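The structure presented is a predicted model; accordingly, all values stated were derived computationally and were not measured. In what follows, every chain begins at residue 1, and chains take the letters A, B, ... in the order their sequences are listed. For the numbers below, each heavy atom of this structure counts, side chains included, while hydrogens, waters and symmetry mates do not.
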Protein chains: 2
Amino acid sequence: MLTLQNAGISKTSQRLAVLNILLKATKPLSVSTIRQSIEKEADIDKVTVYRILSLFRKRGIIRKIASAGGANYFEIATLENPLHPHFSCRNCGALTCLAPLPFTKAPELILSKDDYSIDHIEINISGLCACCRNTAKTKTSLHQREE
Amino acid sequence: MLTLQNAGISKTSQRLAVLNILLKATKPLSVSTIRQSIEKEADIDKVTVYRILSLFRKRGIIRKIASAGGANYFEIATLENPLHPHFSCRNCGALTCLAPLPFTKAPELILSKDDYSIDHIEINISGLCACCRNTAKTKTSLHQREE
DNA sequence: ATAATTGTTGCAACTCGGTTGCATTTTTGA
DNA sequence: TCAAAAATGCAACCGAGTTGCAACAATTAT
(Lines give C-alpha, C1' and ligand atoms only; values in the text may rest on other atoms or scores of the structure.)
Protein backbone atom coordinates (compact mmCIF):
# COMPACT_ATOMS: atom_id res chain seq x y z
CA MET A 1 0.00 0.00 0.00
CA LEU A 2 1.18 3.47 -0.82
CA THR A 3 1.63 5.75 2.17
CA LEU A 4 3.91 8.66 2.96
CA GLN A 5 5.77 6.53 5.49
CA ASN A 6 6.88 3.76 3.19
CA ALA A 7 7.73 6.34 0.55
CA GLY A 8 10.14 7.83 3.06
CA ILE A 9 8.31 11.13 3.28
CA SER A 10 7.55 12.78 6.59
CA LYS A 11 3.87 13.19 7.26
CA THR A 12 2.17 16.57 7.05
CA SER A 13 -1.48 17.40 6.54
CA GLN A 14 -0.79 19.07 3.19
CA ARG A 15 1.15 16.12 1.84
CA LEU A 16 -1.51 13.72 3.01
CA ALA A 17 -4.19 15.78 1.31
CA VAL A 18 -2.33 15.87 -2.02
CA LEU A 19 -1.57 12.16 -1.87
CA ASN A 20 -5.18 11.27 -1.11
CA ILE A 21 -6.47 13.38 -4.01
CA LEU A 22 -4.09 11.61 -6.37
CA LEU A 23 -4.95 8.17 -4.96
CA LYS A 24 -8.65 8.81 -5.49
CA ALA A 25 -8.22 10.18 -9.02
CA THR A 26 -9.05 8.10 -12.08
CA LYS A 27 -7.10 10.32 -14.44
CA PRO A 28 -4.11 12.67 -14.28
CA LEU A 29 -4.76 15.91 -12.41
CA SER A 30 -3.44 19.42 -12.93
CA VAL A 31 -2.19 21.54 -10.06
CA SER A 32 -5.25 23.78 -10.19
CA THR A 33 -7.53 20.75 -10.03
CA ILE A 34 -5.62 19.36 -7.09
CA ARG A 35 -5.89 22.65 -5.24
CA GLN A 36 -9.61 22.95 -5.93
CA SER A 37 -10.18 19.42 -4.65
CA ILE A 38 -8.27 20.08 -1.46
CA GLU A 39 -9.92 23.42 -0.84
CA LYS A 40 -12.93 21.70 0.63
CA GLU A 41 -10.84 20.00 3.29
CA ALA A 42 -7.89 22.24 3.96
CA ASP A 43 -6.17 25.33 2.63
CA ILE A 44 -2.93 25.04 0.76
CA ASP A 45 -0.67 27.42 -1.11
CA LYS A 46 0.08 26.69 -4.74
CA VAL A 47 3.81 26.83 -4.09
CA THR A 48 3.42 24.12 -1.49
CA VAL A 49 1.56 21.96 -3.98
CA TYR A 50 4.35 22.34 -6.53
CA ARG A 51 6.92 21.49 -3.90
CA ILE A 52 5.00 18.45 -2.72
CA LEU A 53 4.56 17.20 -6.28
CA SER A 54 8.24 17.74 -6.95
CA LEU A 55 9.08 15.74 -3.84
CA PHE A 56 6.67 12.95 -4.76
CA ARG A 57 8.26 12.76 -8.17
CA LYS A 58 11.74 12.52 -6.71
CA ARG A 59 10.52 9.64 -4.55
CA GLY A 60 9.04 8.04 -7.65
CA ILE A 61 5.49 7.77 -6.38
CA ILE A 62 3.94 10.00 -9.05
CA ARG A 63 4.40 10.61 -12.78
CA LYS A 64 4.20 13.87 -14.69
CA ILE A 65 2.37 14.09 -18.01
CA ALA A 66 3.01 17.03 -20.33
CA SER A 67 0.06 18.45 -22.18
CA ALA A 68 0.07 20.71 -25.19
CA GLY A 69 -2.07 23.17 -23.24
CA GLY A 70 0.94 24.17 -21.18
CA ALA A 71 -0.06 22.73 -17.83
CA ASN A 72 1.36 19.51 -16.48
CA TYR A 73 -0.69 16.66 -15.08
CA PHE A 74 0.14 14.21 -12.33
CA GLU A 75 -0.84 10.65 -11.54
CA ILE A 76 0.11 7.94 -9.08
CA ALA A 77 2.95 5.69 -10.25
CA THR A 78 2.64 2.30 -8.62
CA LEU A 79 2.90 -1.26 -9.88
CA GLU A 80 -0.89 -1.36 -10.00
CA ASN A 81 -0.88 1.75 -12.18
CA PRO A 82 1.94 1.16 -14.68
CA LEU A 83 3.02 3.56 -17.40
CA HIS A 84 0.31 3.87 -20.01
CA PRO A 85 -0.63 6.14 -22.92
CA HIS A 86 -3.01 9.03 -22.47
CA PHE A 87 -5.66 10.45 -24.67
CA SER A 88 -6.16 14.20 -24.75
CA CYS A 89 -9.21 15.59 -26.45
CA ARG A 90 -8.57 18.35 -28.96
CA ASN A 91 -11.95 19.84 -28.21
CA CYS A 92 -12.48 19.79 -24.46
CA GLY A 93 -8.87 19.24 -23.43
CA ALA A 94 -9.73 16.36 -21.11
CA LEU A 95 -6.92 13.97 -20.35
CA THR A 96 -7.86 10.33 -19.82
CA CYS A 97 -5.89 7.16 -19.28
CA LEU A 98 -5.69 4.39 -21.84
CA ALA A 99 -4.93 0.79 -20.97
CA PRO A 100 -1.25 0.00 -20.58
CA LEU A 101 -0.07 -1.99 -23.59
CA PRO A 102 3.09 -3.49 -25.01
CA PHE A 103 4.42 -1.45 -27.88
CA THR A 104 3.72 -4.16 -30.42
CA LYS A 105 0.04 -3.63 -29.76
CA ALA A 106 0.12 0.05 -30.63
CA PRO A 107 -1.22 -0.43 -34.18
CA GLU A 108 -4.18 -2.36 -32.80
CA LEU A 109 -4.98 0.48 -30.49
CA ILE A 110 -5.06 2.91 -33.35
CA LEU A 111 -7.33 0.70 -35.40
CA SER A 112 -9.68 -0.55 -32.71
CA LYS A 113 -10.40 2.52 -30.62
CA ASP A 114 -13.45 3.69 -32.51
CA ASP A 115 -14.91 5.74 -29.69
CA TYR A 116 -12.01 8.11 -30.23
CA SER A 117 -11.19 9.88 -33.45
CA ILE A 118 -7.44 10.04 -33.50
CA ASP A 119 -5.77 12.72 -35.53
CA HIS A 120 -2.40 12.92 -33.88
CA ILE A 121 -0.18 10.43 -32.14
CA GLU A 122 2.70 11.80 -30.15
CA ILE A 123 5.54 9.65 -28.91
CA ASN A 124 7.81 11.48 -26.51
CA ILE A 125 10.86 9.71 -25.29
CA SER A 126 12.74 11.57 -22.60
CA GLY A 127 15.97 10.85 -20.86
CA LEU A 128 19.53 11.86 -21.46
CA CYS A 129 21.15 12.58 -24.80
CA ALA A 130 24.64 11.36 -25.65
CA CYS A 131 26.09 14.82 -25.13
CA CYS A 132 24.69 15.17 -21.63
CA ARG A 133 25.54 11.63 -20.65
CA ASN A 134 29.19 12.31 -21.38
CA THR A 135 29.37 15.53 -19.44
CA ALA A 136 27.38 13.85 -16.70
CA LYS A 137 30.32 11.73 -15.64
CA THR A 138 32.28 14.80 -14.64
CA LYS A 139 29.56 17.15 -13.53
CA THR A 140 27.43 16.75 -10.44
CA SER A 141 24.65 19.04 -11.61
CA LEU A 142 22.95 16.31 -13.55
CA HIS A 143 20.34 14.96 -11.26
CA GLN A 144 19.41 18.33 -9.87
CA ARG A 145 17.49 19.54 -12.87
CA GLU A 146 13.76 19.01 -12.74
CA GLU A 147 12.50 17.97 -16.17
CA MET B 1 8.02 22.44 -53.07
CA LEU B 2 6.60 24.19 -50.05
CA THR B 3 5.85 27.86 -50.58
CA LEU B 4 3.31 30.26 -49.15
CA GLN B 5 1.51 30.38 -52.51
CA ASN B 6 0.74 26.70 -52.89
CA ALA B 7 -0.23 26.58 -49.22
CA GLY B 8 -2.86 29.17 -50.01
CA ILE B 9 -1.31 31.81 -47.78
CA SER B 10 -0.82 35.38 -48.95
CA LYS B 11 2.77 36.46 -49.01
CA THR B 12 4.17 38.88 -46.44
CA SER B 13 7.75 39.42 -45.37
CA GLN B 14 7.06 38.16 -41.84
CA ARG B 15 5.44 34.96 -43.03
CA LEU B 16 8.25 34.33 -45.46
CA ALA B 17 10.79 34.83 -42.69
CA VAL B 18 9.07 32.38 -40.35
CA LEU B 19 8.64 29.81 -43.11
CA ASN B 20 12.29 30.05 -44.14
CA ILE B 21 13.49 29.59 -40.57
CA LEU B 22 11.37 26.47 -40.22
CA LEU B 23 12.48 25.11 -43.60
CA LYS B 24 16.11 25.53 -42.67
CA ALA B 25 15.71 23.98 -39.20
CA THR B 26 16.86 20.43 -38.48
CA LYS B 27 14.80 20.17 -35.30
CA PRO B 28 11.60 21.65 -33.87
CA LEU B 29 11.90 25.30 -32.90
CA SER B 30 10.31 27.27 -30.09
CA VAL B 31 8.76 30.66 -30.66
CA SER B 32 11.60 32.43 -28.90
CA THR B 33 14.15 30.64 -31.06
CA ILE B 34 12.24 31.56 -34.19
CA ARG B 35 12.16 35.20 -33.18
CA GLN B 36 15.85 35.26 -32.35
CA SER B 37 16.68 33.74 -35.72
CA ILE B 38 14.57 36.26 -37.58
CA GLU B 39 15.90 39.21 -35.62
CA LYS B 40 18.98 39.27 -37.77
CA GLU B 41 16.95 39.77 -40.93
CA ALA B 42 13.81 41.59 -39.93
CA ASP B 43 11.89 42.66 -36.85
CA ILE B 44 8.76 40.85 -35.83
CA ASP B 45 6.39 41.01 -32.90
CA LYS B 46 5.86 37.86 -30.87
CA VAL B 47 2.10 38.07 -31.36
CA THR B 48 2.65 38.04 -35.11
CA VAL B 49 4.77 34.92 -34.80
CA TYR B 50 2.06 33.16 -32.82
CA ARG B 51 -0.54 34.17 -35.37
CA ILE B 52 1.59 33.04 -38.27
CA LEU B 53 2.30 29.70 -36.62
CA SER B 54 -1.39 29.27 -35.89
CA LEU B 55 -2.19 29.98 -39.54
CA PHE B 56 0.48 27.59 -40.76
CA ARG B 57 -0.95 24.90 -38.53
CA LYS B 58 -4.46 25.47 -39.83
CA ARG B 59 -3.08 25.05 -43.36
CA GLY B 60 -1.34 21.88 -42.25
CA ILE B 61 2.16 22.90 -43.23
CA ILE B 62 3.62 22.73 -39.73
CA ARG B 63 3.25 20.51 -36.66
CA LYS B 64 3.25 21.45 -33.00
CA ILE B 65 5.17 19.42 -30.44
CA ALA B 66 4.37 19.79 -26.75
CA SER B 67 7.26 19.75 -24.34
CA ALA B 68 7.20 19.17 -20.61
CA GLY B 69 8.99 22.49 -20.15
CA GLY B 70 5.82 24.35 -21.03
CA ALA B 71 6.85 25.81 -24.38
CA ASN B 72 5.65 24.40 -27.66
CA TYR B 73 7.87 23.57 -30.60
CA PHE B 74 7.15 23.70 -34.29
CA GLU B 75 8.42 21.86 -37.33
CA ILE B 76 7.60 21.61 -41.03
CA ALA B 77 5.02 18.95 -41.86
CA THR B 78 5.56 17.75 -45.42
CA LEU B 79 5.66 14.34 -47.06
CA GLU B 80 9.45 14.52 -46.91
CA ASN B 81 9.25 15.16 -43.17
CA PRO B 82 6.58 12.75 -41.93
CA LEU B 83 5.40 12.40 -38.36
CA HIS B 84 8.16 11.03 -36.18
CA PRO B 85 9.03 10.63 -32.50
CA HIS B 86 11.10 13.20 -30.69
CA PHE B 87 13.69 12.90 -28.04
CA SER B 88 13.87 15.53 -25.34
CA CYS B 89 16.84 15.60 -23.03
CA ARG B 90 16.03 15.76 -19.35
CA ASN B 91 19.23 17.65 -18.69
CA CYS B 92 19.63 20.31 -21.39
CA GLY B 93 16.05 20.29 -22.62
CA ALA B 94 17.07 19.96 -26.26
CA LEU B 95 14.45 18.53 -28.56
CA THR B 96 15.70 16.43 -31.46
CA CYS B 97 14.00 14.39 -34.16
CA LEU B 98 14.16 10.61 -34.28
CA ALA B 99 13.71 8.65 -37.48
CA PRO B 100 10.09 8.05 -38.46
CA LEU B 101 9.22 4.44 -37.79
CA PRO B 102 6.27 2.09 -38.04
CA PHE B 103 4.83 1.36 -34.64
CA THR B 104 5.85 -2.28 -34.77
CA LYS B 105 9.46 -1.12 -34.63
CA ALA B 106 9.04 0.84 -31.43
CA PRO B 107 10.51 -1.89 -29.18
CA GLU B 108 13.60 -2.04 -31.38
CA LEU B 109 14.08 1.67 -30.94
CA ILE B 110 14.02 1.33 -27.22
CA LEU B 111 16.57 -1.46 -27.22
CA SER B 112 18.93 -0.20 -29.91
CA LYS B 113 19.28 3.49 -29.17
CA ASP B 114 22.25 3.26 -26.87
CA ASP B 115 23.49 6.80 -27.40
CA TYR B 116 20.43 7.89 -25.47
CA SER B 117 19.58 6.82 -21.97
CA ILE B 118 15.84 6.55 -21.93
CA ASP B 119 14.02 6.89 -18.67
CA HIS B 120 10.55 7.82 -19.84
CA ILE B 121 8.53 7.11 -22.94
CA GLU B 122 5.47 9.20 -23.47
CA ILE B 123 2.81 8.29 -25.99
CA ASN B 124 0.30 11.05 -26.48
CA ILE B 125 -2.62 10.39 -28.72
CA SER B 126 -4.79 13.39 -29.39
CA GLY B 127 -7.98 13.82 -31.29
CA LEU B 128 -11.61 13.81 -30.31
CA CYS B 129 -13.18 11.84 -27.47
CA ALA B 130 -16.52 10.08 -27.87
CA CYS B 131 -18.31 12.79 -25.92
CA CYS B 132 -17.04 15.60 -28.11
CA ARG B 133 -17.58 13.68 -31.34
CA ASN B 134 -21.25 13.39 -30.52
CA THR B 135 -21.75 17.03 -29.69
CA ALA B 136 -19.62 17.86 -32.71
CA LYS B 137 -22.34 16.83 -35.10
CA THR B 138 -24.61 19.58 -33.87
CA LYS B 139 -22.15 22.26 -32.90
CA THR B 140 -19.99 24.24 -35.31
CA SER B 141 -17.50 25.31 -32.68
CA LEU B 142 -15.51 22.14 -33.04
CA HIS B 143 -12.83 22.98 -35.49
CA GLN B 144 -12.22 26.41 -34.07
CA ARG B 145 -10.35 25.25 -31.05
CA GLU B 146 -6.59 25.34 -31.31
CA GLU B 147 -4.73 22.43 -29.75
C1' DA C 1 13.25 22.68 29.84
C1' DT C 2 15.70 25.52 26.57
C1' DA C 3 18.43 26.79 22.84
C1' DA C 4 19.89 25.71 18.23
C1' DT C 5 19.12 23.48 14.05
C1' DT C 6 16.43 21.67 10.44
C1' DG C 7 12.30 21.04 7.70
C1' DT C 8 7.90 22.82 5.99
C1' DT C 9 4.70 26.22 4.73
C1' DG C 10 2.96 30.72 3.11
C1' DC C 11 3.41 35.10 0.98
C1' DA C 12 4.99 38.32 -2.43
C1' DA C 13 7.13 39.07 -6.37
C1' DC C 14 8.70 37.53 -10.48
C1' DT C 15 9.58 34.96 -15.10
C1' DC C 16 7.88 32.92 -19.11
C1' DG C 17 4.65 31.25 -22.65
C1' DG C 18 0.78 32.57 -24.77
C1' DT C 19 -3.67 35.38 -25.72
C1' DT C 20 -6.86 39.40 -26.44
C1' DG C 21 -8.37 44.02 -27.84
C1' DC C 22 -7.51 47.75 -30.38
C1' DA C 23 -5.20 51.08 -33.22
C1' DT C 24 -2.26 51.43 -37.20
C1' DT C 25 -0.45 49.99 -41.36
C1' DT C 26 -0.44 47.29 -45.51
C1' DT C 27 -2.59 44.92 -49.08
C1' DT C 28 -6.26 44.02 -52.21
C1' DG C 29 -9.59 45.03 -55.45
C1' DA C 30 -13.37 47.70 -57.42
C1' DT D 1 -7.94 56.54 -56.31
C1' DC D 2 -10.52 55.19 -52.65
C1' DA D 3 -12.85 51.91 -49.69
C1' DA D 4 -12.79 47.40 -47.59
C1' DA D 5 -10.28 43.69 -45.84
C1' DA D 6 -6.19 41.64 -44.11
C1' DA D 7 -1.98 41.78 -41.44
C1' DT D 8 0.95 43.75 -38.05
C1' DG D 9 2.34 45.96 -33.69
C1' DC D 10 1.55 47.51 -29.11
C1' DA D 11 -0.12 47.25 -24.52
C1' DA D 12 -2.20 44.84 -21.29
C1' DC D 13 -3.46 40.77 -19.58
C1' DC D 14 -3.76 35.57 -17.97
C1' DG D 15 -2.14 31.15 -16.25
C1' DA D 16 1.63 28.04 -15.08
C1' DG D 17 5.51 27.68 -12.57
C1' DT D 18 9.67 29.50 -9.79
C1' DT D 19 12.47 32.06 -6.29
C1' DG D 20 13.59 34.45 -2.01
C1' DC D 21 12.46 35.19 2.38
C1' DA D 22 10.04 35.29 6.64
C1' DA D 23 7.25 32.62 9.86
C1' DC D 24 6.29 28.55 11.84
C1' DA D 25 6.68 23.81 13.17
C1' DA D 26 9.29 19.88 14.64
C1' DT D 27 13.36 17.78 16.00
C1' DT D 28 17.83 17.36 18.31
C1' DA D 29 21.42 18.55 21.39
C1' DT D 30 22.93 20.76 25.62
Side-chain angles (χ1 to χ4, degrees), chain A residues 4-5 7-19 21 28-39 41-59 62-74 88 90 92-93 95 141 144-147, chain B residues 4-5 7-19 21 28-39 41-59 62-74 88 90 92-93 95 141 144-147:
Chain A
L4 291 176
Q5 282 95 315
I9 298 170
S10 63
K11 200 162 145 187
T12 72
S13 62
Q14 292 91 334
R15 289 171 180 177
L16 256 177
V18 172
L19 181 64
I21 297 290
L29 303 179
S30 67
V31 168
S32 60
T33 306
I34 292 171
R35 287 192 70 204
Q36 283 163 19
S37 307
I38 293 177
E39 207 169 357
E41 310 163 15
D43 204 13
I44 186 166
D45 190 78
K46 70 169 176 172
V47 180
T48 304
V49 176
Y50 281 114
R51 285 196 272 234
I52 288 173
L53 291 172
S54 171
L55 175 65
F56 284 5
R57 238 157 59 85
K58 273 182 201 148
R59 292 290 180 281
I62 63 170
R63 266 188 296 265
K64 175 162 126 182
I65 296 118
S67 83
N72 292 312
Y73 289 74
F74 300 88
S88 83
R90 153 165 56 94
C92 65
L95 196 66
S141 66
Q144 294 172 2
R145 196 177 198 270
E146 287 287 72
E147 191 54 20
Chain B
L4 291 176
Q5 283 94 315
I9 297 169
S10 62
K11 199 162 145 187
T12 72
S13 62
Q14 291 91 336
R15 287 172 181 177
L16 257 177
V18 172
L19 182 63
I21 297 292
L29 303 179
S30 68
V31 167
S32 60
T33 305
I34 292 172
R35 288 192 70 204
Q36 282 163 19
S37 308
I38 292 179
E39 206 169 357
E41 310 165 14
D43 204 13
I44 186 167
D45 191 79
K46 70 170 177 173
V47 180
T48 304
V49 177
Y50 282 114
R51 285 196 272 235
I52 288 173
L53 291 171
S54 171
L55 175 65
F56 284 5
R57 238 157 60 86
K58 273 183 200 148
R59 293 291 180 279
I62 63 169
R63 268 188 295 266
K64 176 164 124 181
I65 297 116
S67 83
N72 293 312
Y73 289 74
F74 300 88
S88 85
R90 151 166 58 94
C92 65
L95 197 64
S141 66
Q144 294 172 1
R145 196 176 197 270
E146 290 288 72
E147 183 63 15

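With distances taken from any side-chain atom of Thr12(B) to the nucleotides dT8(C), dA7(D), dG10(C), the minimum falls on dA7(D). Listed nucleotides dA16(D), dG17(C), dT19(D) differ in distance to Tyr50(B); the shortest reach to its side chain belongs to dG17(C). The side chain of Arg15(B) sits closest to dT8(D) out of dA16(D), dG10(C), dT8(D). Of all nucleotides listed (dA16(D), dG10(C), dT19(D)), dT19(D) comes nearest to the side chain of Val47(A).
Within the 4.5 Å cutoff, side-chain heavy atoms of Ser30(B) are placed close to those of Tyr73(B).
Ile9(B) places its CD1 atom 17 Å from the P atom of dT27(C), with the value rounded to the nearest Å. If you take OH of Tyr73(B) and C1' of dG18(C), they are 14 Å apart, rounded to a whole angstrom. In this structure, the CG atom of Leu16(B) is 12 Å from the P atom of dT27(C), given to the nearest Å. Phe74(A) has its CZ atom 12 Å from the P atom of dA16(D), to the nearest Å. Taking atom CG on Asp45(A) and atom P on dC21(D), their separation rounds to 17 Å, with Å as the unit. Atom CD1 of Ile34(A) is separated from atom P of dG17(D) by 10 Å (rounded to the nearest Å). Lys64(A) has its NZ atom 14 Å from the P atom of dA16(D), to the nearest Å. At whole-Å resolution of the value, CG in Leu55(B) and C1' in dA7(D) are 10 Å apart.
Although no hydrogens or angles enter the test, the distance criterion places no donor-acceptor pair under 3.5 Å between the side chain of Ser54(A) and the main chain of Tyr50(A). No side-chain donor-acceptor contact under 3.5 Å links Arg15(B) to the backbone of Ile52(B). Arg35(A) contributes a side-chain N or O that, together with a main-chain N or O of Ile44(A), makes up a donor-acceptor pair within less than 3.5 Å.
In this structure, Arg57(A) and Ile62(A) approach most closely via the heavy-atom pair CG-O, 3.5 Å.
Side-chain atoms of Lys46(B) stay outside donor-acceptor range of the base of dG17(C), with no qualifying N/O pair under 3.5 Å. With hydrogens and angles ignored, a donor-acceptor pair under 3.5 angstrom links the side chain of Arg51(B) to the base of dG9(D).
Contact annotation: Asn72(B) reaches the phosphate of dG18(C) (side-chain N/O to OP1 or OP2, under 4.0 Å). Checking the phosphate oxygens (OP1, OP2) of dA7(D), a side-chain nitrogen or oxygen of Ser10(B) falls inside 4.0 Å. In terms of phosphate contacts, Gln14(B) brings a side-chain nitrogen or oxygen within less than 4.0 Å of OP1 or OP2 of dG9(D).
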